[in-house]
Amino acid sequence: MSGKVTNMIIAIANDLDVNIKLLLGIIIPIFVVIITSVLFKSGIFLNSGFIANSSSSTSGPVFIVAGPSNSGKTSFLTRLREPNNTKFQTVTTQEYSVLRNYRNANNLTKKKVCNIIDFPGHIRLRYQLLNYFKNTLKNKSNIRGVVFFMDSTVNAEQMVYTAECLLDILNITEKNGIDVLVACNKSDLFASRPSLKIKEQLEKNLKEIINRKKKSVGEKNSTFDNTDDGNDNNGIGNSLEVIMEQLGSDPKFDRLESEIVFKNGSVVNKNIDDWLEWMDEKL
Ligand SMILES: Nc1nc2c(ncn2[C@@H]2O[C@H](COP(=O)(O)OP(=O)(O)OP(=O)(O)O)[C@@H](O)[C@H]2O)c(=O)[nH]1
Ligand SMILES: [Mg+2]
């Protein structure tokens, strides 16, 4: 008798087990689909740098904010987000972040909005920018310009590093017809140099860099080298030959087909109008 009861209980339990498995098999996929679509709509993947392909996620015009670490990129976005903010981030950015639907309040004629993406400047994190370019330039790009941030007070050694970073960016922008603004930040500081002098100095540095790179045949020549596979897909390969050729043996920015302009400014002093004006022109 007790054996029969036990068998009955086991049979019911098995039945229940099958039904629960069936139910879970239906519910779990539906749940996953709902959660994923909610996360995509909220842009959480993009904001966290989870997805580098923002051509679909970031609809509308895009400006890239790039350049060496500590130049003031994140401070610039903070200034745009909160115009009256007086404290600026001093932590190295780890993942890129997007300022969505930004509208320049000073621009009364154009009412267009844009998305501004702040990429980390640290060399080990620079692959994020490369991946972004790779993914967005595959399709019709909505990148309206690159704002290359640099610290206008840097010493000679840091200036060489800045020139190397700029060369890597120009290697991509020039092939893809993207204009560049070099935002010479921190003009509030005593040691700040005028943009014209910076431009001349960078050209001198580029001359040395290009000569050095030409000599080291076979070496990987881009600071983007930690992820790139060397293929020049979408004009984003490691080869700097074309850009070096275009700049010439005595490099001059004015030889480039895409626009490259230099403008001083200061995020701290709210002296950013020239940069915003340039961005407005590109919208
Ligand atoms: N004096 C002065 N300091 C500034 C200015 N803009 C930014 N800074 C300071 O520069 C430092 C670096 O600023 P961030 O905005 O974090 O630099 P970043 O370019 O985002 O650096 P990464 O995230 O490492 O790429 C901070 O201490 C800022 O307060 C400026 O216009 N003038
Ligand atoms: Mg930053």
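Residue numbers start at 1 and run along the sequence shown. One-based numbering, in listed order, for ligands and for the atoms of each.
- Within ligand 1, the atoms closer than 4.0 Å to a non-hydrogen atom of Leu189 are 1 (N), numbered from 1 in the order shown.
- Which parts of ligand 1 touch Asn185 is read off a 4.0 Å heavy-atom cut-off, strictly below it: atoms 5 (C), 6 (N), 7 (C), 30 (C), 31 (O).
- Other residues, nucleotides and ligands contribute only 12 or fewer heavy atoms inside 6.0 Å of the CD atom of Glu157.
- With sequence neighbours excluded, no residue forms a salt bridge (charged side-chain N to carboxylate O under 4.0 Å, His left out) with Lys263.
- The contact set between ligand 1 and Ser71, taken as ligand atoms under 4.0 Å from a residue heavy atom, comprises 17 (O), 19 (O).
- Phe119 meets the ring-ring contact (aromatic ring centres under 6.0 Å, His included) test with Tyr96, Tyr132; sequence neighbours excluded.
- The aromatic rings of Trp275 and Phe76 stand perpendicular to each other, their planes meeting at an angle above 60°, with 30° marking the opposite boundary.
- Close contacts of ligand 1 with Ser266, meaning ligand atoms under 4.0 Å from a residue heavy atom, involve 31 (O).
- Distances between N or O atoms of Pro120 and those of ligand 1 include no value under 3.5 Å.
- Put simply, the side chain of Leu80 does not reach to within 4.5 Å of the side chain of Asn104, judged on heavy atoms.
- Residue Asp188 approaches ligand 1 through these ligand atoms, each under 4.0 Å from one of its heavy atoms: 1 (N), 2 (C), 30 (C), 31 (O), 32 (N).
- Rounding to the nearest 0.5 Å gives a distance of 9.0 Å between CG of Asn101 and SG of Cys114.
- Atom numbering of ligand 1 starts at 1 in the shown order; those under 4.0 Å from a heavy atom of Val268 are 2 (C), 3 (N), 4 (C), 5 (C), 30 (C), 31 (O), 32 (N).
- The angle subtended at the Mg ion (ligand 2) by OG1 of Thr74 and OG1 of Thr93 is 90°, given to the nearest 10°.
- At a threshold of 4.0 Å, the pair Asp151-Lys186 counts as salt-bridged, since one of the basic side-chain nitrogens sits closer than that to a carboxylate oxygen.
- On a distance-only criterion, Ser69 and ligand 1 share at least one N/O pair closer than 3.5 Å.
- Nearest to atom 20 (O) of ligand 1 by heavy atom, out of Thr74, Thr78, Val91, Val267, is Thr74.
- The distance criterion of under 3.5 Å between nitrogen or oxygen atoms is met by Ser75 with respect to ligand 1.
- Heavy-atom proximity to Thr92, at under 4.0 Å, picks out these atoms of ligand 1: 23 (O), 24 (O).
- Under the 30°/60° scheme for interplanar angles, the aromatic rings of Phe253 and Phe262 are found to be tilted.
- For a threshold of 3.5 Å applied to N or O pairs, the pair formed by Phe119 and ligand 1 contains no separation below that value.
- In summary, the atoms of ligand 1 found under 4.0 Å from a heavy atom of Lys73, numbered by their order in the structure, are 15 (O), 17 (O), 18 (P), 19 (O), 20 (O), 21 (O), 22 (P), 25 (O).
- Between Arg255 and Glu203 there is no salt bridge, since no side-chain N of the basic residue sits under 4.0 Å from a carboxylate O of the acidic one.
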